[in-house]
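Here the structure is laid out as structure tokens; the discussion comes afterwards.
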Amino acid sequence: MPMMPGTILRLLTGLLPGLLIAVFLLAAAPAAHAQLDQVVTPNSPSEKEEVELYQQLQGKVQGYVSIPDGKLATLVQPQGRDWREFRNYYGRIISLVVMGGMLLGLVGFYLFRGKIRIAAGRAGRTITRFMPIDRFAHWLTASSFIVLALTGLMLIFGKPVMIPLFGHEAFTAMATLGKYAHNFLSFPFVLGILMMLVLWIKDNIPEKADLTWIKQGGGFLNNGMHPEAGRFNAGQKMIFWTIVLGGLAMALSGYMLMFPFYLTGVNGMQIAHVVHTLGTAVLMAVIFGHIYIGTIGMEGAFDAMGNGEVDLNWAREHHAGWLKTQGISTDTRDGPSKVSTRHDPHPPGMPAE
Ligand code: HEM
């Protein structure tokens, strides 16, 4: 679909800050790696001695302690070096590539496809899609997720990005506050995930129609073609399961970091941290796609979580299977029949936007 220069300009203006940050972070990451090399080596033995030490002891330096905390007997744990490399270098690069790749993909998709419009225009009548409790669960999860993501990323990119920008003192204050926010907001986040699981699981069970939806690319690439879907289509189901299972994996790994060594030893803590970092990259990328479709990507979609009501023709085009279960006509040529609405932003007779 050809795009107006004004639309492209607006899009670029909106995404520019995100892109600038991604470019900045990409530029900063190699410097961080160089910094890592410097920090690790100054007081280490010479390279030759180091190699001999590790060969001799098969990579581990194990001593003996008489205190109850037996793990303190391990003086050098070789996996720690790999983990540190991941923490200070690969984790940052992977996060940038996954999140930045998704952002670029979305920009490309928008330029190619434009906003997905309601093909038949607005019906001017709405149907209730989400009850207040559904929206409460959604916004509780979403708002705590955003703070968790920002405060978490602050820890990953604090050293190479924020300290050079704000200085050590300001960063210490921000990181301390961020750390409290990260710890405490984990609880509403988990509550929101569990609420969504209970409220929506019955509509997110995979079914045969999902395969047709996937084969037809959800109708996203083809203007006007809408494979039939129930209350949630296959794409939404994938997002649901990624958020629920990914969110619970973040919670488990996160609480393992918050309460160290209760469930596992040093190596387990390292694995929990790696899971937490990779989970962040995947969840952030999925959420970028979700926010895109819910806002600038699709006409009429935001209303569902905004006020709980969706336009009848939007529902007919994207969730005909759901309307059938409500006993409502799925033909966009039919008038707004048999629809119970709580409020009517576009009364019949009023021209659709
Ligand atoms: C129940 C949910 C969660 C819990 C309990 C939790 C807990 C934690 C803890 C304890 C840390 C270590 C902080 C420190 O260094 O002292 C951490 C780090 C982090 N968290 Fe979470 N978190 C949760 C959810 C999330 C979510 C949803 C995201 C992102 C979308 C996220 C992203 C991060 C990141 C990026 C780090 C920094 C890792 C690093 O320093 O390399 N967390 N989290």
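In each ligand, atom 1 is the first atom listed, and ligand 1 is the first ligand listed. All values below come from the heavy atoms of this structure, side chains included, with hydrogens, waters and symmetry mates left out. Everything numeric in this text was worked out from a predicted model, so none of it was measured.
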Geometric cation-pi criterion Lys115 and Tyr110, 6.0 Å radius, 45° cone: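 Lys115 over Tyr110 ring: no.
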Side chain to side chain contact (heavy atoms under 4.5 Å, CB included) partner of Trp200, the single match among His138, Met195, Gln236: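 Single side chain to side chain contact (heavy atoms under 4.5 Å, CB included) partner of Trp200 among His138, Met195, Gln236: His138.
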Heavy-atom pair with the smallest gap, counting every atom of Ala120 and Glu317: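 Closest heavy-atom pair between Ala120 and Glu317: N-OE2, 2.8 Å.
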Exercise: identify the closest heavy-atom pair between Leu257 and Met269: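 Closest approach of Leu257 to Met269, heavy atoms only: CD2-O, 3.9 Å.
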Other residues, nucleotides, ligands: >12 heavy atoms within 6.0 Å of Ile133 CD1: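 It does not: Ile133 CD1 has 12 such atoms or fewer within range.
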Proximity winner for atom 16 (O) of ligand 1, if only heavy atoms of Lys179, His273, Met256, Lys159 are counted: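 Answer by nearest heavy atom: Lys179.
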Nearest neighbour of atom 27 (C) of ligand 1 from the list Phe187, Phe259, Phe189, on a heavy-atom basis: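 It is Phe189 that holds the nearest heavy atom.
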Main-chain N/O of Gly124 paired to Asp311 side chain as donor or acceptor, under 3.5 Å: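 At least one qualifying donor-acceptor pair exists.
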N/O donor-acceptor pair under 3.5 Å between Asn183 side chain and Tyr180 backbone: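 Not confirmed, Asn183 side chain does not pair with Tyr180 backbone.
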Please identify which atoms of ligand 1 are closer than 4.0 Å to at least one heavy atom of [X].
{"X": "Met258", "answer": "5 (C), 10 (C)"}
{"X": "Leu153", "answer": "35 (C)"}
{"X": "Phe145", "answer": "27 (C), 30 (C)"}
{"X": "Ala251", "answer": "1 (C), 2 (C)"}

Plane angle bin for Trp83 and His273 - parallel if under 30°, tilted between 30 and 60°, otherwise perpendicular: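 Geometry flag for Trp83 against His273: perpendicular rings.
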For atom 40 (O) of ligand 1, closest protein heavy-atom neighbour: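 Answer for atom 40 (O) of ligand 1: Arg87 NH2, 3.2 Å.
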Heavy-atom nearest neighbour in the protein, as seen from atom 15 (O) of ligand 1, with distance rounded to 0.1 Å: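 Looking only at protein heavy atoms, the one closest to atom 15 (O) of ligand 1 is Leu155 CD1, 3.8 Å.
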Heavy-atom check, side chain of Tyr89 versus side chain of Ile93, under 4.5 Å: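 Contact flag for Tyr89/Ile93 side chains = yes.
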Exercise: do Asp82 and Gln79 side chains pair donor with acceptor under 3.5 Å: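 No, Gln79 and Asp82 have no side-chain donor paired with an acceptor closer than 3.5 Å.
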In the protein, N/O/S atoms that are found under 2.8 Å from atom 21 (Fe) of ligand 1, waters not counted: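 Listed by chain and number: His182 NE2, His276 NE2.
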Part of Val190 within contact of ligand 1 (heavy atoms, under 4.0 Å):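 It is the side chain that gets close, since no backbone atom is under 4.0 Å.
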